[in-house]
Amino acid sequence: MALKRPKGPAGTLVVLEHDSKLLRGNPLGDPHVRKLAVWLPPGYVHGGRRRFPVLYDLVGFTGSGLSHVAWKPFGDNVPERAARLMREGRMGPAIFVFPDCFTALGGNQYVNSPAIGPYADYLVRELIPFVDREFGTLASRAHRGCFGKSSGGYGAILHGMKYARHWGAVASHSGDAYFDFVYWCDWPNTLDELAKHKGRGDRVKRFLDAVWKKEKLSTAEGHAIMNLCMAATYDPDPRAPLGFRIPFDLDTGEVIPERWRAWLKHDPVRLVSRYRTHLKSLKGLYIDCGRRDQYHIHYGARLLSKRLSLAGIRHAYEEFDDNHSDIDYRMDRSLPFLYRALRP
């Protein structure tokens with residue numbers, strides 16, 4: 001447990017507003033002007049000659065980049081953690097970037113979806129060039145990485161697969177993988193929540209209209225909107241009433257094979273062979289998961305590691321004795337790993 005009176009230089013946190021052209025007119029009506037937090041390490045001098053590796057923090061579902069720079073009562077937030085790791089000599093100085101990719105569906109998987117918005121392009125086509133212009137980064141993929149937990153871990157591994165020309169190393173903590181285990185088991189709850197809004201009109205829309213009026217969601221409602229966000233991510237369809245399809249019959253719970261196959265096309269365990277060359281080009285790939293993960297992601301993490309090994313892709317894989325919640329302390333492992341891979 002970290003003492004809340006850290007000693008030594010704390011670095012500098014800068015919060016900017018970024019006006020995104022790509023997010024203008026997004027389907028959910030989410031704001032296109034976003035807060036962007038950037039943490040500059042001790043020793044950073046604005047306009048100085050020294051350049052630094054840069055790490056992008058992709059937060060999990062229901063999160064925003066600013067949540068990782070907020071004060072915490074016992075543990076470190078990410079800037080505090082990074083400063084401590086640097087003071088301890090476990091990693092060198094790096095710039096950290098905290099994008100805001102929150103949506104009206106509760107979060108993001110950091111991919112492009114016509115039902116949500118072009119959030120992969122937002123990261124690689126807008127934010128990366130913007131940060132490289134405004135700050136003293138080592139502006140090449142060899143010195144740029146991303147990391148995240150849960151949905152953020154999924155985003156990190158997907159970016160390592162699809163957008164490797166932008167990222168030199170990635171780290172995934174408990175990232176979504178093996179969709180048959182991770183998502184399938186929670187759909188009965190989602191169908192039960194949607195059934196409460198059965199009546200005239202689309203029950204999915206009625207459910208969303210109801211939860212968008214609330215300041216507090218129940219656990220069941222939170223899981224239900226998560227599954228709807230995944231449907232909008234993995235199976236968007238402009239012809240559908242809300243722009244995406246549901247993979248199960250809303251009344252019987254019977255799977256719709258064509259719809260579920262659309263989800264599986266985005267499952268990391270099924271994409272390793274397709275993106276083998278991209279993955280092999282990474283300077284570092286780190287994956288971990290708690291062996292008691294309540295969403296069963298440890299099975300997906302094991303399977304993903306197995307597929308990577310069979311494909312000859314070097315990576316670090318670790319399991320630890322914990323579940324899915326409150327595991328930011330695992331960054332003590334991933335951040336030094338990323339720095340070693342990306343350092344000048």
Side-chain angles (χ1 to χ4, degrees), residues 2 4 6 9-23 30-48 51-73 75-86 91 93-103 106-110 117 119-139 143-153 155-156 159 166-167 170-171 173 328-332 334-335 338-339 342:
K4 294 308 296 184
T12 303
L13 182 68
V14 179
V15 180
L16 308 172
E17 282 195 343
H18 178 263
D19 188 343
S20 170
K21 295 179 180 179
L22 289 173
L23 296 184
D30 287 318
H32 61 87
V33 177
R34 300 291 179 108
K35 299 286 188 182
L36 178 68
V38 179
W39 182 76
L40 307 171
Y44 182 94
V45 177
H46 183 69
R51 300 281 164 166
F52 299 85
V54 58
L55 294 172
Y56 285 69
D57 182 357
L58 309 183
V59 299
F61 191 74
T62 72
S64 164
L66 291 178
S67 67
H68 275 193
V69 303
W71 182 85
K72 295 182 68 173
D76 295 328
N77 64 24
V78 176
E80 290 169 342
R81 186 175 304 279
R84 174 175 56 79
L85 291 170
M86 293 171 195
M91 66 179 291
I95 294 170
F96 283 72
V97 181
F98 302 90
D100 172 15
C101 295
F102 185 75
T103 74
N108 211 296
Q109 299 296 91
Y110 304 95
Y119 283 91
D121 286 348
Y122 173 60
L123 288 175
V124 301
R125 291 175 51 194
E126 284 195 325
L127 290 190
I128 286 177
F130 176 77
V131 169
D132 287 344
R133 286 194 306 269
E134 296 294 324
F135 298 97
T137 67
L138 288 164
H143 306 294
R144 184 187 304 117
C146 63
F147 65 96
K149 176 232 175 180
S150 195
S151 287
H159 273 253
H166 297 281
W167 310 104
V170 301
H173 296 286
D328 283 0
Y329 62 87
R330 292 298 301 176
M331 293 182 198
D332 277 22
S334 63
L335 298 184
L338 291 172
Y339 181 81
L342 300 170

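- Taking Asp332 as the reference, Arg81, Arg84, Leu85, Arg90 meet the side-chain contact (heavy atoms from CB on, under 4.5 Å) condition, with sequence neighbours excluded.
- For the atom pair SG of Cys146 and CG of Leu123, the computed distance is 8.0 Å after rounding to the nearest 0.5 Å.
- Looking at Phe98 and Ser67, their side chains never come closer than 4.5 Å, going by heavy atoms from C-beta outward.
- Looking at Pro41 and Ile95, their side chains come closer than 4.5 Å, going by heavy atoms from C-beta outward.
- Shown here for Leu138 and Pro53, the closest heavy-atom pair between the two residues is CD1-N, 3.7 Å.
- The backbone N or O of Lys72 lies less than 3.5 Å from no partner atom in the side chain of Asn77, so there is not a single donor-acceptor pair.
- At least one side-chain heavy atom of Tyr110 sits under 4.5 Å from a side-chain heavy atom of Val59.
- Within the 4.5 Å cutoff, side-chain heavy atoms of Tyr339 are placed close to those of Pro93.
- Tyr44 meets the ring pair (Phe, Tyr, Trp, His ring centres under 6.0 Å) test with Phe52; sequence neighbours excluded.
- Pairing each heavy atom of Pro42 with each of Met86, the nearest pair is CD-SD, 4.5 Å.
- With sequence neighbours excluded, the residues forming a ring pair (Phe, Tyr, Trp, His ring centres under 6.0 Å) with His159 are Tyr163, Trp167, listed by chain and number.
- Contacts of Trp39 classified as side-chain hydrogen bond (donor to acceptor under 3.5 Å, both in side chains), with partners at least two apart in sequence or in another chain: none.
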CA sep, side-chain torsions, deciding dist, call: Leu36, Glu17, side chain to side chain contact (heavy atoms under 4.5 Å, CB included): CA-CA 6 Å; Leu36 178 68; Glu17 282 195 343; over 6 Å; no
Show me, pair by pair, the donor-acceptor contacts under 3.5 angstrom made by side chains of residues 129-136, not counting sequence neighbours?
unit_1 : atom_1 : unit_2 : atom_2 : d
Asp132 : OD1    : Thr137 : OG1    : 2.6
Asp132 : OD2    : Arg144 : NH2    : 2.9

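- Arg125 pairs by the salt bridge (charged side-chain N to carboxylate O under 4.0 Å, His left out) definition with Asp121, not counting sequence neighbours.
- Under the 4.5 Å side-chain criterion, counting only non-hydrogen atoms from C-beta, His18 is not in contact with Val33.
- Across every non-hydrogen atom of Pro99 and Leu127, the tightest pair is CB-CD1, 3.7 Å.
- Legend: residues meeting salt bridge (charged side-chain N to carboxylate O under 4.0 Å, His left out) with Arg34, ordered by chain and number and at least two apart, are Asp100.
- The two residues Glu126 and Leu22 have their closest heavy-atom pair at OE2-N, 3.2 Å.
- For residues 52-61, there are no salt bridge (Lys or Arg N to Asp or Glu O under 4.0 Å) pairs, not counting sequence neighbours.
- Scored by the ring pair (Phe, Tyr, Trp, His ring centres under 6.0 Å) test, Tyr119 finds no partners at all (sequence neighbours excluded).
- In this structure, the side chain of Asp76 does not engage the main chain of Val78 through any donor-acceptor pair within 3.5 Å.
- Val69 approaches Ala37 most closely through the heavy-atom pair CG1-CB, 4.3 Å.
- For the pair Val54/Val97, a side-chain contact is recorded, criterion being any heavy-atom separation below 4.5 Å from C-beta on.
- In this structure, Phe96 CZ and Leu335 CG are separated by 4.5 Å, a value rounded to the nearest 0.5 Å.
- Checked against side-chain contact (heavy atoms from CB on, under 4.5 Å), Ser334 has the following partners two or more places apart in sequence or in another chain: Ala171, His173, Tyr286, Met331.
- Ser20 places a side-chain N or O within donor-acceptor distance of the main-chain N or O of Leu23, the cut-off being under 3.5 Å.
- Counting heavy atoms from C-beta on, the side chains of Leu55 and Leu342 come closer than 4.5 Å.
- Nearest approach of Phe147 to Leu338, heavy atoms of both residues: CB-CD1, 3.8 Å.
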